[in-house]
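Residues: numbered from 1 along the sequence shown.
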Amino acid sequence: QVQLVESGGGSVQAGGSLRLSCAASGYSYSVYCMAWFRQAPGKAREGVASIYDDSVTYADSVKGRFTISRDNAKNTLYLQMNSLKPEDTAMYYCARGVRPLVRNCLNTVSYWGQGTQVTVSS
């Protein structure tokens with residue numbers, strides 16, 4: 001079965017960096033778009049970034065600060081987060097696209113990990 005396991009969250013001060021990882025298993029990883037989402041307390045879940053092949057999409061709020069990448073040999077998705085702000089505080093989730101070969105899956109995901117908490121203090 002499809003499994004997505006996030007890691008790498010933690011607490012940092014504003015301006016700091018974190019690198020999130022998501023280990024995927026149970027399907028043909030390389031043919032699916034992958035994405036990162038986040039949800040802050042009391043707020044709706046929002047798409048942060050997605051990646052498939054050479055197609056990368058970012059939310060405006062993280063452009064220039066976050067970088068999504070993937071290692072298809074390791075079935076692993078990454079999110080490098082730099083210049084973190086208190087408003088980046090949220091639970092971060094990785095997710096898989098609904099269908100293979102979709103280039104942007106921020107609006108069409110079918111599987112979710114359990115999440116990893118990121119807390120940024122001012």
Side-chain angles (χ1 to χ4, degrees):
Q1 69 276 23
V2 175
Q3 285 194 321
L4 302 172
V5 180
E6 302 95 335
S7 61
S11 297
V12 296
Q13 290 192 327
S17 298
L18 282 174
R19 189 193 195 203
L20 306 184
S21 299
C22 172
S25 61
Y27 67 100
S28 297
Y29 178 76
S30 65
V31 301
Y32 282 88
C33 175
M34 296 293 296
W36 287 99
F37 289 76
R38 66 185 181 186
Q39 187 167 21
K43 294 188 176 181
R45 189 172 296 186
E46 68 167 329
V48 174
S50 76
I51 183 170
Y52 172 73
D53 198 16
D54 60 350
S55 178
V56 177
T57 304
Y58 293 99
D60 288 343
S61 58
V62 306
K63 281 180 182 176
R65 300 188 299 121
F66 290 11
T67 302
I68 189 171
S69 62
R70 63 191 294 167
D71 185 336
N72 289 340
K74 295 182 178 180
N75 288 4
T76 302
L77 177 72
Y78 304 99
L79 185 68
Q80 178 66 44
M81 306 185 295
N82 298 329
S83 302
L84 282 162
K85 305 175 181 180
E87 51 263 45
D88 294 318
T89 295
M91 185 72 78
Y92 283 72
Y93 301 88
C94 71
R96 195 202 80 175
V98 172
R99 292 176 297 278
L101 310 180
V102 171
R103 301 186 71 78
N104 180 347
C105 55
L106 284 181
N107 295 315
T108 54
V109 293
S110 59
Y111 291 93
W112 300 86
Q114 83 289 347
T116 186
Q117 178 68 39
V118 172
T119 303
V120 185
S121 58
S122 57

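The closest side-chain heavy-atom distance from Leu79 to Arg38 is not below 4.5 Å.
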Please step through side-chain contact (heavy atoms from CB on, under 4.5 Å) for the pair Met81 and Val12, ending with a clear verdict.
-> CA-CA 11 Å; Met81 306 185 295; Val12 296; over 6 Å; no

From CA spacing to verdict: side-chain contact (heavy atoms from CB on, under 4.5 Å), Arg45, Trp112 = CA-CA 12 Å; Arg45 189 172 296 186; Trp112 300 86; 3.0 Å; yes

Run the numbers on Leu20 and Tyr93 for side-chain contact (heavy atoms from CB on, under 4.5 Å), then give the verdict.
-> CA-CA 10 Å; Leu20 306 184; Tyr93 301 88; over 6 Å; no

Decide side-chain contact (heavy atoms from CB on, under 4.5 Å) for Thr89 and Gln117; before the verdict, give the C-alpha distance in whole Å, the side-chain angles of both, and the deciding distance to 0.1 Å.
-> CA-CA 8 Å; Thr89 295; Gln117 178 68 39; 4.1 Å; yes

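Val98 and Tyr27 are assigned to two separate hydrophobic clusters, defined by single-linkage of ILVMFWY side chains at heavy-atom distances under 4.5 Å. Linking Ile, Leu, Val, Met, Phe, Trp and Tyr residues whenever their side-chain heavy atoms come within less than 4.5 Å places Tyr58 and Leu84 in a single cluster.
What you find for Tyr52 and Ser30 is that their closest heavy atoms are CE1-O, 3.6 Å. Counting all heavy atoms, side chain and backbone alike, Ser17 lies closest to Asn82 at OG-OD1, 2.9 Å. Closest of all the heavy-atom pairs between Leu77 and Cys94 is CD2-CB, 3.9 Å.
Looking at Lys63 and Asp60, a side-chain N of the basic residue comes within less than 4.0 Å of a carboxylate O on the acidic one, giving a salt bridge.
Atom OG1 of Thr76 and atom CZ of Arg70 lie 10.0 Å apart (nearest 0.5 Å). Distance check, rounded to the nearest 0.5 Å: OG1 of Thr119 to CD of Gln13 gives 13.0 Å.
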